[in-house]
Each structure stands twice: as C-alpha cells, then as structure tokens.
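First the structure, in the form of structure tokens, and then the observations on it.
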Amino acid sequence: MHRIASGDLYQTYDLGDLRITSLRDGYVDMPIGRLRQRGDKPFGDELPKQVALVDGQLRLSVNAFAIDDGNGIILIDTGASNAWHPTMGRLPEALDEAGIDAGRVRTVCFTHTHLDHIHGLVLADGRDAFPRLARLLVPGEELGFFRAEARLERFHGMAEPFEAGDRIGTHVDIVGAHGHEAGHSCFRVSAGGERILIWGDTVHVPSLQFDRPEVTWEFDADQDQARESRLRLLALAADDHCFVAGAHLDSPGVGRVVRSGASFQFEPL
C-alpha cells in the first residue's frame with residue numbers, strides 16, 4: 001500500500017487494484033475530561049505529557065474513507081456536514097480536491113450512527129450529497145438511532161441493516177467492534193494480498209490510546225466493551241500486518257499498528 005496522491009484535505013493510496021482515499025471532514029476540539037481511566041475516572045493534572053493539547057483541549061481529526069474499484073465508490077462515513085461544530089463539514093471540498101465525483105458514490109456505510117459520521121448525507125444547503133446513492137448500510141443494532149434523526153428523514157426508508165460477518169461486494173467484509181456504540185463496526189478491505197481495517201472510532205486520541213489502550217472515552221456506550229474491542233482490533237491489526245484507517249486518527253489517519261511490549265504503537269503511512 002503506497003500513497004499515490006495528496007492534498008490539504010485528502011490522501012489517496014493504492015491497495016491492489018483499489019484506490020483508498022482518506023477525506024478530511026475537519027476537526028473537533030474536546031475537553032480532557034472526555035478521556036476516562038478505569039472506573040470511568042476522568043483525567044486531570046495527571047494527563048500524560050505525550051498528549052498534545054490545543055488551547056487546553058484535545059483536537060480530534062474527523063475523517064471519512066472512500067474505496068474506489070474503478071466502477072463505483074463505497075464511502076465509509078460521511079462527516080458531520082453542518083449538524084455539529086463549524087470546524088467540520090468539509091467533506092464535499094475534500095472530494096473535489098481529490099477529484100472524486102460525488103455522483104460515483106453508490107454505497108455509503110456507517111461505522112456507527114454518531115452525528116459526526118452520518119450527517120454528511122445532506123449538504124449544508126439541504127441537497128443530497130450523493131445524488132446517485134443506491135445503498136445505505138447501517139449497523140443493525142443502530143437502525144433505530146438512524147431513523148430518529150429528523151434531518152436525515154428522506155433516507156430512513158433506504159437504510160438497510162448489516163451485521164458482523166457480512167460482505168459488501170468482492171473486497172469488503174465487516175468486523176464487529178461494539179462498545180463505542182451498540183453496533184460500532186469496522187470494514188476490512190482486501191486486495192492484492194494486502195488488507196486495511198477502516199475502524200471508525202476504535203481510537204479517539206492516538207497519542208495516548210495506542211500506548212494505553214485501556215483508556216476509554218466518555219461517549220463510549222459501554223466502556224468495558226469498547227476497551228475489549230480496541231484491544232482485540234489492535235492485536236488483529238498488529239498480528240495480521242493489516243493497515244488501519246481511523247475516523248479520529250490524525251489526518252490522514254492511515255498507517256500500521258505494531259506491538260510495543262504490552263502495548264502498541266501507530267506508524268503513520
């Protein structure tokens with residue numbers, strides 16, 4: 001897997017005969033207290049020095065990922081559009097910069113249904129972001145959450161559920177990663193003898209959670225389950241020599257996981 005093109009808001013890589021593009025929707029700043037130690041204890045002054053802050057807050061990149069097989073595009077997550085902080089909503093700009101016609105996006109899959117992953121279906125001006133969308137895949141456990149979003153009402157009937165073990169086309173299978181949300185899922189893409197795991201919100205703060213994967217996030221629906229999923233996926237990526245792509249890893253959010261003693265390290269690609 002090699003980088004073949006890049007810009008301010010995108011990076012494109014080859015994976016066999018596929019093209020994987022990281023698309024930056026923007027970023028969001030979060031208070032330190034969102035990070036949780038065991039027992040749901042927030043960090044305070046004991047926050048490790050390795051965690052860089054911006055004006056005293058954690059800055060999380062917000063990334064989506066396009067899988068292009070030459071015929072059409074599967075898009076994993078869509079960013080926030082104008083549904084949350086104004087520092088997000090740049091996915092259409094990222095697609096333009098990458099030379100990706102939004103009309104080629106035929107399938108959209110959600111890792112989970114938090115608002116910074118789903119609201120990019122609708123542009124800030126109210127138009128459909130992907131005018132030729134044919135399939136919309138949502139974790140089965142979260143279909144009700146999706147259909148509760150009034151801003152996305154026009155897509156409620158189109159949404160179809162998936163579960164771990166399902167396949168999407170020839171190159172993509174779904175790996176369960178529940179915990180951050182009830183149906184949180186990863187998409188494992190395989191081509192040319194290589195694999196990349198597009199793993200959503202498995203890691204929120206890469207400067208800390210690779211080294212200390214037991215650290216969880218306030219918005220994890222089930223912190224114990226999220227911790228278990230993170231440990232399992234980190235081990236899977238390291239032991240299977242699988243690339244990873246994360247929604248909140250520092251843009252472009254693509255790299256490898258390697259073991260480091262009893263913990264892990266992230267090596268950006």
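- Side-chain N/O atoms of Thr216 and Arg230 include no donor and acceptor closer than 3.5 Å.
- Looking only at atom types and distance, the side chain of Gln209 has no donor-acceptor partner in the side chain of His204 under 3.5 Å away.
- Within the cation-pi definition used here (under 6.0 Å to the ring centroid, within 45° of the axis), Arg3 does not qualify as a partner of Tyr13.
- Side-chain contact check for Gln37 and Glu46: at least one donor-acceptor pair (N or O, by modelled atom type) lies under 3.5 Å.
- Inspection of the Gln265 and Asp211 side chains reveals no N or O donor paired with an N or O acceptor under 3.5 Å.
- Thr21 and Thr12 share a side-chain donor-acceptor pair at under 3.5 Å.
- Using cut-offs of 30° and 60° on the angle between ring planes, the pair His112 and His117 is tilted.
- Looking at heavy atoms from C-beta onward, Ser185 lies out of side-chain contact with Thr111 at the 4.5 angstrom threshold.
- Although no hydrogens or angles enter the test, the distance criterion places no donor-acceptor pair under 3.5 Å between the side chain of Arg36 and the main chain of Gln223.
- Grouping Ile, Leu, Val, Met, Phe, Trp and Tyr residues whose side-chain heavy atoms lie under 4.5 Å apart, directly or via other members, places Trp217 in a hydrophobic cluster with Val28, Met30, Ile32, Leu35, Phe43, Leu47, Val51, Leu53, Leu58, Leu60, Val62, Trp84, Met88, Leu115, Val205, Leu208, Val215, Phe219.
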Step by step, would you call Phe210 with Phe266 a ring pair (Phe, Tyr, Trp, His ring centres under 6.0 Å)?
CA-CA 7 Å; Phe210 286 99; Phe266 178 65; 5.2 Å; yes
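- Residues His114 and Phe145 fail the side-chain proximity criterion, which asks for heavy atoms closer than 4.5 Å.
- Of the N and O atoms on the side chains of Ser61 and Asp250, not one donor lies less than 3.5 Å from an acceptor on the other residue.
- The aromatic rings of Phe162 and Phe187 lie perpendicular to each other, with more than 60° between the two planes, well past the 30° mark.
- Taking CG of Asp25 as the start and OG of Ser81 as the end, the distance is 8.0 Å to the nearest 0.5 Å.
- The main-chain N or O of Val122 is found under 3.5 Å from a side-chain atom of Arg151 such that the two form a donor-acceptor pair.
- With a 4.5 Å cut-off on side-chain heavy atoms, Leu121 and Glu149 do not count as touching.
- The salt bridge (charged side-chain N to carboxylate O under 4.0 Å, His left out) contacts involving residues 94-110 comprise Asp68-Arg104, where partners must be two or more places apart or lie in separate chains.
- Taking 4.5 Å as the limit, some side-chain heavy atom of Leu91 sits within range of a side-chain heavy atom of Leu95.
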Where do His180 and Asp220 land on the side-chain hydrogen bond (donor to acceptor under 3.5 Å, both in side chains) test, with the steps shown first?
CA-CA 4 Å; His180 175 59; Asp220 290 338; 2.7 Å; yes
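- Ion pairing of Arg259 with Asp239 is present here, as a side-chain N (NZ or NE/NH1/NH2) and a carboxylate O approach within less than 4.0 Å.
- One N or O on the side chain of Gln50 and one on the backbone of Ser207 form a donor-acceptor pair closer than 3.5 Å.
- Cation-pi geometry between Arg59 and Tyr27 is met: under 6.0 angstrom from the ring centre, within 45 degrees of the axis.
- Between His178 and Asp222, the side chains place no donor N or O within less than 3.5 Å of an acceptor N or O (distance only, hydrogens not considered).
- Within the 4.5 Å cutoff, the side chain of Ile174 has no heavy atoms near those of the Glu163 side chain.
- For the pair Ser22 (side chain) and Pro252 (backbone), a donor-acceptor distance under 3.5 Å is present.
- Residues Pro268 and Arg256 fail the side-chain proximity criterion, which asks for heavy atoms closer than 4.5 Å.
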